[in-house]
Amino acid sequence: MNTPVKALIDRLAAGHILDRGELITLLEQRNPEAADYLFEKARAVRHAVYGRDVYLRGLIEFTSYCKNDCYYCGIRRSNHKAQRYRLTREEILQCCAQGYDLGFRTFVLQGGEDPFFTDEKVVEIVRSIKQAHPDCAVTLSIGERSRESYRMFRKAGADRYLLRHETASADHYAKLHPPALTLEKRKGCLRDLKELGFQVGCGFMVGSPYQTNEHLVSDLLFLQELEPHMVGIGPFIPHSETPFAGESAGALELTLYLLGIIRLILPEVLLPATTALGTIHPTGREAGILAGANVVMPNLSPTAVRSKYLLYDNKICTGDEAAECRMCLGGRMNRIGYELAISRGDYPSLSKDCQS
Ligand code: SAH
């Protein structure tokens, strides 16, 4: 194979930065052979940085209430059929205790944007988790808040924050969100979070409605600019009670290709093989790891609420106990030659600000 795509992959793997035109070529002229070549390079980088360890994050979906109305999301405010629930602090702590026994050393608190959970309540929850498990990292994924709120969360001991940018193109952002939500605001939050010393994750959906290769290239350029510690990408999957009910899902093939590119652009990035990837294909998460991902985020939410946190249709593992998920994923990783690590799994070259 001696194609322009292969030459571009070689340049990426050698640490060069590609410009917009080159990234477009990398996407438009891809083919299965080039993808395999990309994955090989991405795995080499991943093995050099992380070996064959796969980091575990325990996802606790602690509220399904949301004040926002994102057109793609199953727990959007306007979905009156969505079942709403909130976990108490005690229930959250129980999830963490159970997770700790299963080898989890990172807990991710994710939810809709729920004003019930005031800054004070979030602070109290973060403090309690850090007190009970001082050797664990706490990640928040609760959307847009003020810089002052983020500062309080960081002071309370939160280590990381996930806030996907969803798309780095303002025109596309406006097609996925109501006017109250803007890309500018989202980017401001991400900047604040970085400045406050969080390990920060952004990310986007692959194959979301109206998305073009130009948009995806803007996403990649945005990653180059922000240099996040984590990047969450997964296929868009329609939810039947949203305006995008009739749209088609993002493709496995394109998601994997983008995972490989992201690994080369940001060699040390913490990159999950997401639940959405496992939803569109039975071995999607394994394929994600083999394309360069190094994180999995099984669910630690109580089984009673699992089936109520539905961002998209057909979500996997909604009936399983945490222990089952942990065992199942462990087996899946072993079968492809990888190992779940019992470790916080921090970003390797953390600046002083990010150490807790
Ligand atoms: N309220 C939090 C958590 C959002 S849910 C926040 O705003 O950050 C986490 C992610 O799930 C979202 O950022 C979005 O990228 C993804 N998501 C939502 N709906 C989806 C869908 N229909 N298909 C695939 N991913 C979806």
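First listed ligand is number 1; within each ligand, the first listed atom is number 1. Positions are given from 1, in the same order as the sequence printed here.
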>> Looking at Glu90, I want to see if its CD is surrounded by more than 12 non-hydrogen atoms of other residues, nucleotides or ligands under 6.0 Å.
In response: yes
>> Closer than 4.0 angstrom, basic N to acidic O: yes or no for Glu241 and Arg76?
In response: no
>> If I apply the N/O under 3.5 Å rule, does Arg186 come out as touching ligand 1?
In response: no
>> For atom 3 (C) of ligand 1, is there a protein heavy atom at a distance under 4.0 Å?
In response: yes
> Where is the nearest protein heavy atom to atom 22 (N) of ligand 1: which residue, which atom, and how far?
Replying inline: Ile237 O, 2.7 Å
> Considering only heavy atoms of Arg164, which atoms of ligand 1 have at least one such atom less than 4.0 Å away?
Replying inline: 13 (O), 14 (C), 15 (O), 16 (C)
>> Can you tell whether the side chains of Asp10 and Lys6 come within less than 4.0 Å, N to carboxylate O?
In response: yes
>> Using a 4.0 Å cut-off to any heavy atom of Cys73, which atoms of ligand 1 qualify?
In response: 19 (N)
> Short N/O distance, under 3.5 Å, between His239 and ligand 1?
Replying inline: no
> Does the N or O separation between Gln110 and ligand 1 drop below 3.5 Å for any pair?
Replying inline: no
>> Other residues, nucleotides and ligands only: do more than 12 of their heavy atoms fall within 6.0 Å of CD on Glu184?
In response: no
> Going through the checks in order, is the salt bridge (charged side-chain N to carboxylate O under 4.0 Å, His left out) test met by Glu144 and Lys185?
Replying inline: CA-CA 8 Å; Glu144 297 181 354; Lys185 176 85 195 301; 3.6 Å; yes
> So which protein heavy atom does atom 19 (N) of ligand 1 come closest to, and at what separation?
Replying inline: Tyr72 CD1, 3.4 Å
> After noting the C-alpha distance and the side-chain angles of Tyr50 and Tyr55, does the key distance pass the ring pair (Phe, Tyr, Trp, His ring centres under 6.0 Å) rule?
Replying inline: CA-CA 9 Å; Tyr50 291 105; Tyr55 294 144; 5.6 Å; yes
> Between Phe117 and Phe62, does the ring centroid distance fall short of 6.0 Å?
Replying inline: yes
>> Assess, by modelled atom type and distance only, whether the side chains of Glu113 and Asn68 contain a donor and an acceptor separated by less than 3.5 Å.
In response: yes
> Which protein non-hydrogen atom lies closest to atom 11 (O) of ligand 1, naming both residue and atom, and how far is it?
Replying inline: Leu311 CD1, 3.5 Å
> Who's the nearest protein heavy-atom neighbour of atom 13 (O) of ligand 1, and how far?
Replying inline: Glu166 OE2, 2.5 Å
> Who gets closest to atom 1 (N) of ligand 1 by heavy atom: Gly143, Gly111, Ala276?
Replying inline: Gly111
> If you count the atoms of ligand 1 from 1 in the order shown, which ones are under 4.0 Å from a heavy atom of Tyr312?
Replying inline: 21 (C), 22 (N), 23 (N), 24 (C)
> To the nearest 0.1 Å, how far is atom 26 (C) of ligand 1 from its closest protein heavy atom, and which atom is that?
Replying inline: Met205 SD, 3.5 Å
>> Students should be able to answer this: which protein heavy-atom is nearest to atom 24 (C) of ligand 1, and at what distance?
In response: Pro235 O, 3.3 Å
> Would you say Cys70 touches ligand 1, if touching means a heavy atom closer than 4.0 Å?
Replying inline: no
> Is ligand 1 less than 4.0 angstrom away from at least one heavy atom of Ser141?
Replying inline: yes
> Heavy atoms, side chains only, cut-off 4.5 Å: are Cys317 and Thr275 in contact?
Replying inline: no
> With Glu61, which of Arg306, Lys308, Arg86, Lys315 fulfils salt bridge (charged side-chain N to carboxylate O under 4.0 Å, His left out)?
Replying inline: Lys315
>> With a heavy-atom distance limit of 4.0 Å, tell me whether Pro238 approaches ligand 1 through its side chain, its backbone, both, or neither.
In response: neither
> Do we see a donor-acceptor contact under 3.5 Å between the side chains of His215 and Ser218?
Replying inline: no
